[in-house]
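See structure below.
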Amino acid sequence: MSEKLTRRADNYAEWYNELVKRADLAEHSPVRGCMVIKPYGFAIWEGIQRELDARFKATGHVNAYFPLFIPKSFLSKEAEHVDGFAKECAVVTHHRLMNAPDGSGVVVDPEAKLAEELIVRPTSETIIWHHYKDWIRSYRDLPILLNQWANVVRWEMRPRLFLRTAEFLWQEGHTAHATAEEALAEAKQMLEVYADFVENVMAIPVVRGVKTPNERFAGALETFCIEALMQDGKALQAGTSHFLGQNFAKAFDVKYLTKENKEEYVWATSWGVSTRLMGALIMTHGDDDGLCIPPKLAPVSVVVVPIYKNDDERENIRRVALNLVEKLKNAGVTAKFDDDDSKRPGWKFAEWELKGVPVRLTLGPKDLAENRAEVFRRDLKTKSFVGLDALAAEIPKLLNDVQQTMFQIAKERRDRLTVEIDDYAEFQARLDGEGGFLLAHWDGTSETEERIKQETKATIRCIPLDFVEEPGRCILTGRPSRGRVVFARAY
RNA sequence: CGAGGCGUAGCGCAGUCCGGUAGCGCACCUGCUUUGGGAGCAGGGGGUCGCAGGUUCAAAUCCUGCCGCCUCGACCA
C-alpha cells in the first residue's frame, strides 16, 4: 500500500474508499454490501450515539427494542409503505440447514420451509404499530415517545461504505400522539434536535427543509430533512423526520378514546439518522492527509508523541508525558500517550493525522529544556509552542476553537457552493462542474421535478424551512413560482 | 439489472499474450544502527495462483463452465 492517500482532486471516490480503510474505520465483509465497522470507526459511532441519545432523553424519549424479523403480511398493510420498500427487502424463507446428500457441504433443508415468510426489517414502523395497537386505549396512554437503536437491512443495488450499505446501524424514533398538531410539533422538534447535533457536534452545516411529495418517505404526509453539502459538491441527506399523519394508525387499527369518550385514530411520527453520518463526517472534514474529527466527537482529542534518542531521554519524556495526560484527563480531555517504540515520530505524525485526531502534542528533548510542548492542530495544520504548565488550561480552549473553526470552514465552503441560478443552461453546467446547492425557481409540479431529475440527475433536496416568498419563473418551464427551492445532485 | 475492471502471501501488484523451479514492494519475525515529518542494513518466515472440469510429459499461464468482489449507471438513509 502506498504511503500517500489518493488525492481528492484526482479521484474523489477512490480517496473516500482508501480513507475509510486506511483510517481503520471499516472494511468490506465477504457479503456484498455489508461492512465491518472496526473499533476506531465504531468509537466515532458510539460518540454519535452518546450525544444523540442524551438529546433524545432530554426531550422526553425512552429507548426500547423491537425484533429484527417482521411477518411478511405486515408490509402490505400500508400501501405506500410497501411500494417504498418492497424492492429491497431480505426475506427469510427457511429455518434449518442440513448436510448435502452428496457431501458437498450444507444446503437449505427443504422440509424447514416457513409457513409465513419473514422480512428482515428495512424500517420498523409496521412491527411497532402492530404493538402500539395493544399499548394504546385512551388519551391517557399518549403520547408514546419511543426510540430504538437498531440495525436494518435494505438490499441496495450499489453499496458504498457507510453511505449505502445493505445492513446499516441507525436509530429510529416512533411516536404516537393524540393530535395532529402535537405530532407535527414532535416531527419538527426532532428535526431541530438533529440539526443542532449535526452542526454543533459534528461541525457540519445543514439546511433544514421539507421534502417535495416525490422525495417524501413512503407513508408520510410530510418529511422534514437536514441536508448537508459534501466537498465534491454533492448533497447528502443527513437526517429525516416524518409526520406520518394517521396512515399507520389506520393500517394497524390504532385508536384511542378522548376525554369526551370519542374514538379517534392516533397521530404518528418517525425519525432517524444512520451510520451514513460517518460518511458525512469523512466527506465534510477529510482532506488529502486523512480524516479530521471534530473534538466533540473524537475518540481521542489529543495525542502525545514523544521524541527521544536514548533510553534516558525516553524515560524523562515518558514521566512528563504521563503527568500531562493525567492533567488533561482532569481537565476533561481524552488524551493518549503514544509510547510505541517500534514506530518513529514521522510515522506517528502521519498516522494520527490520517486518523483525524484534532490536536497533537510533541514532546522532545528541546521541548523539555524549554519546559514546553509543540502543539499541532489538525484542522489548520499549524504548529505553536505552549508552556507545559499552561497546557491543561489551554488545550480545552484550543479544542473549542478547533470545533468552531471546523464548522466555519465547512460553512464557508457550503455557502460558497450555494448559488441562485435562473438559467437552465447554467444550472446544468454547474451540476457538471463544481456542483453545490442550486437555489432555483420551480413551478411546484412533480412532472417538472421529475423532468429535471431525468435531464440533470439533480433532485430537489428540500424546500427550506426559511423559504422566502419571491415571485419568479420556473427554471425549466418558465411558469410562475413563489420562491426558490434547493436543487443538487445527491448521494 | 446494464457497462467496464479485477481475483496470485495479511495488503498492493508483476508474471498469463508465447505452458517448463511462483516473484516484487509494504507489512511481519531476529539482530544491529536509528528516532524533530511515513528510517537503514543484514538475515528470516509465509502462497492448494477464486472454484470445478478439460487439453498436455508438464497449467497461475491454453480451453469450458461457475463463483465472488470493485468501479461507473438506474434505485436508495
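Note on naming: letters A, B, ... go to the chains in the order of the sequence lines (proteins, then strands), and numbering restarts at 1 for each one. It should be emphasised that the depicted structure is a prediction, and the values quoted were computed from it without experimental measurement.
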Hunt down the Watson-Crick or G-U wobble partner of [N], both distances under 3.5 Å, from any strand shown, or write none.
N: C18(B); answer: none
N: A74(B); answer: none
N: G53(B); answer: C63(B)
N: G25(B); answer: C11(B)

Mind listing the closest non-hydrogen atom pair of Pro67(A) and Ile127(A) along with its distance?
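Reported closest heavy-atom pair: CD-CG1, 4.1 Å.
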Residues two or more places apart in sequence or in another chain: which of them pass salt bridge (charged side-chain N to carboxylate O under 4.0 Å, His left out) with Asp232(A)?
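Once residues adjacent in sequence are excluded, Asp232(A) has no partner under the salt bridge (charged side-chain N to carboxylate O under 4.0 Å, His left out) criterion.
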Of the options [options], whose atoms approach the side-chain atoms of [X] most closely?
X: Arg158(A); options: C72(B), C75(B), G37(B); result: C72(B)
X: His28(A); options: G73(B), G37(B), C70(B); result: C70(B)
X: Ala13(A); options: U71(B), G38(B), C76(B); result: U71(B)
X: Glu351(A); options: G73(B), C76(B), G38(B); result: G38(B)

When the [atom1] atoms of [M] and [N] are compared, how many Å lie between them, rounded to an integer?
N: A42(B); M: G50(B); atom1: P; answer: 32 Å
N: U16(B); M: C32(B); atom1: P; answer: 43 Å
N: C62(B); M: G20(B); atom1: C1'; answer: 14 Å
N: U64(B); M: C28(B); atom1: P; answer: 43 Å
N: C49(B); M: A59(B); atom1: C1'; answer: 11 Å
N: C72(B); M: G40(B); atom1: C1'; answer: 43 Å
N: A14(B); M: C24(B); atom1: C1'; answer: 7 Å
N: C17(B); M: C29(B); atom1: C1'; answer: 39 Å

Can you give each donor-acceptor pair under 3.5 Å made by side-chain atoms of residues 43-50 of chain A, sequence neighbours left out, with the distance rounded to 0.1 Å?
none

Taking side chain to side chain donor-acceptor pair (under 3.5 Å) as the definition, give me every residue that meets it alongside [X], ordered by chain and number, with sequence neighbours left out.
X: Lys309(A); value: none
X: Glu167(A); value: Asn151(A)
X: Lys21(A); value: none
X: Gln454(A); value: Glu450(A)

Write down the protein N/O and nucleotide N/O pairs, taken from nucleotides 66-68 of chain B, whose separation is under 3.5 Å; answer none if there are no such pairs.
none

Find the distance [X]:[atom1] to [N]:[atom2] and express it as a whole number of Å.
X: Arg160(A); N: C69(B); atom1: CZ; atom2: P; result: 18 Å
X: Glu172(A); N: A77(B); atom1: CD; atom2: P; result: 14 Å
X: Asn17(A); N: C69(B); atom1: CG; atom2: P; result: 15 Å
X: Leu191(A); N: A77(B); atom1: CG; atom2: C1'; result: 15 Å
X: Ile204(A); N: A77(B); atom1: CD1; atom2: P; result: 18 Å
X: Trp155(A); N: A74(B); atom1: CH2; atom2: P; result: 22 Å
X: Asp24(A); N: A27(B); atom1: CG; atom2: P; result: 16 Å
X: Leu169(A); N: A77(B); atom1: CG; atom2: C1'; result: 12 Å

What's the verdict on salt bridge (charged side-chain N to carboxylate O under 4.0 Å, His left out) for Arg430(A) and Glu434(A), showing C-alpha distance, side-chain angles and the deciding distance?
CA-CA 6 Å; Arg430(A) 274 230 170 227; Glu434(A) 59 183 342; 3.0 Å; yes
When you compare the protein's N or O atoms with those of nucleotides 39-45 of chain B, which come within less than 3.5 Å of each other, and at what distance?
unit_1: A39(B); atom_1: OP2; unit_2: Arg344(A); atom_2: NH1; d: 2.6
unit_1: A39(B); atom_1: O4'; unit_2: Arg344(A); atom_2: NH1; d: 3.1
unit_1: A39(B); atom_1: N9; unit_2: Arg344(A); atom_2: NE; d: 3.4

Sort out for me which residue in Glu222(A), Glu449(A), Glu80(A) forms a salt bridge (Lys or Arg N to Asp or Glu O under 4.0 Å) with Arg216(A).
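Considering Glu222(A), Glu449(A), Glu80(A), a salt bridge (Lys or Arg N to Asp or Glu O under 4.0 Å) with Arg216(A) is found only for Glu222(A).
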Under 3.5 Å, sequence neighbours excluded: what are the donor-acceptor pairs made by side chains of residues 353-361 of chain A?
unit_1: Glu353(A); atom_1: OE2; unit_2: Arg360(A); atom_2: NH1; d: 2.8

Close approaches to RNA chain B from [range], in residue order (heavy atom, under 4.0 Å):
range: residues 452-460 of chain A; result: Lys453(A), Lys457(A)
range: residues 301-323 of chain A; result: Ile307(A), Tyr308(A), Lys309(A)
range: residues 354-387 of chain A; result: Arg360(A), Thr362(A), Gly364(A), Pro365(A), Lys366(A), Asp367(A), Glu374(A), Phe376(A), Lys383(A)

Closest-nucleotide ordering on RNA chain B, the 5'-leading residue of Ser29(A) and Thr240(A):
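Nearest nucleotide further toward 5': that of Ser29(A).
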Of Glu156(A) and Lys21(A), the one whose closest RNA chain B nucleotide lies more 5':
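Upstream on the strand: Lys21(A).
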Using a 6.0 Å distance limit plus a 45 degree cone around the ring axis, check whether Arg160(A) lies over the aromatic ring of Tyr16(A).
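That pair qualifies as a cation-pi contact.
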Kindly confirm or rule out a cation-pi arrangement of Lys77(A) over Phe74(A), judged by NZ or CZ under 6.0 Å from the six-membered ring centre and within 45° of its axis?
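Yes - Lys77(A) lies over the ring of Phe74(A), closer than 6.0 Å to its centre and within 45° of its axis.
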Would a line drawn from the ring center of His81(A) to the ring center of Phe248(A) be shorter than 6.0 Å?
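Judged by ring-centre distance (under 6.0 Å), His81(A) and Phe248(A) do meet the cut-off.
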Taking atom types as they are modelled, would you say the side chain of Arg154(A) forms a donor-acceptor pair with the base of C76(B) within the 3.5 Å cutoff?
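Check fails, no donor-acceptor contact within cut-off.
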Could you walk me through whether Asp339(A) and Arg318(A) pass salt bridge (charged side-chain N to carboxylate O under 4.0 Å, His left out), step by step?
CA-CA 8 Å; Asp339(A) 194 25; Arg318(A) 183 186 169 74; 2.4 Å; yes
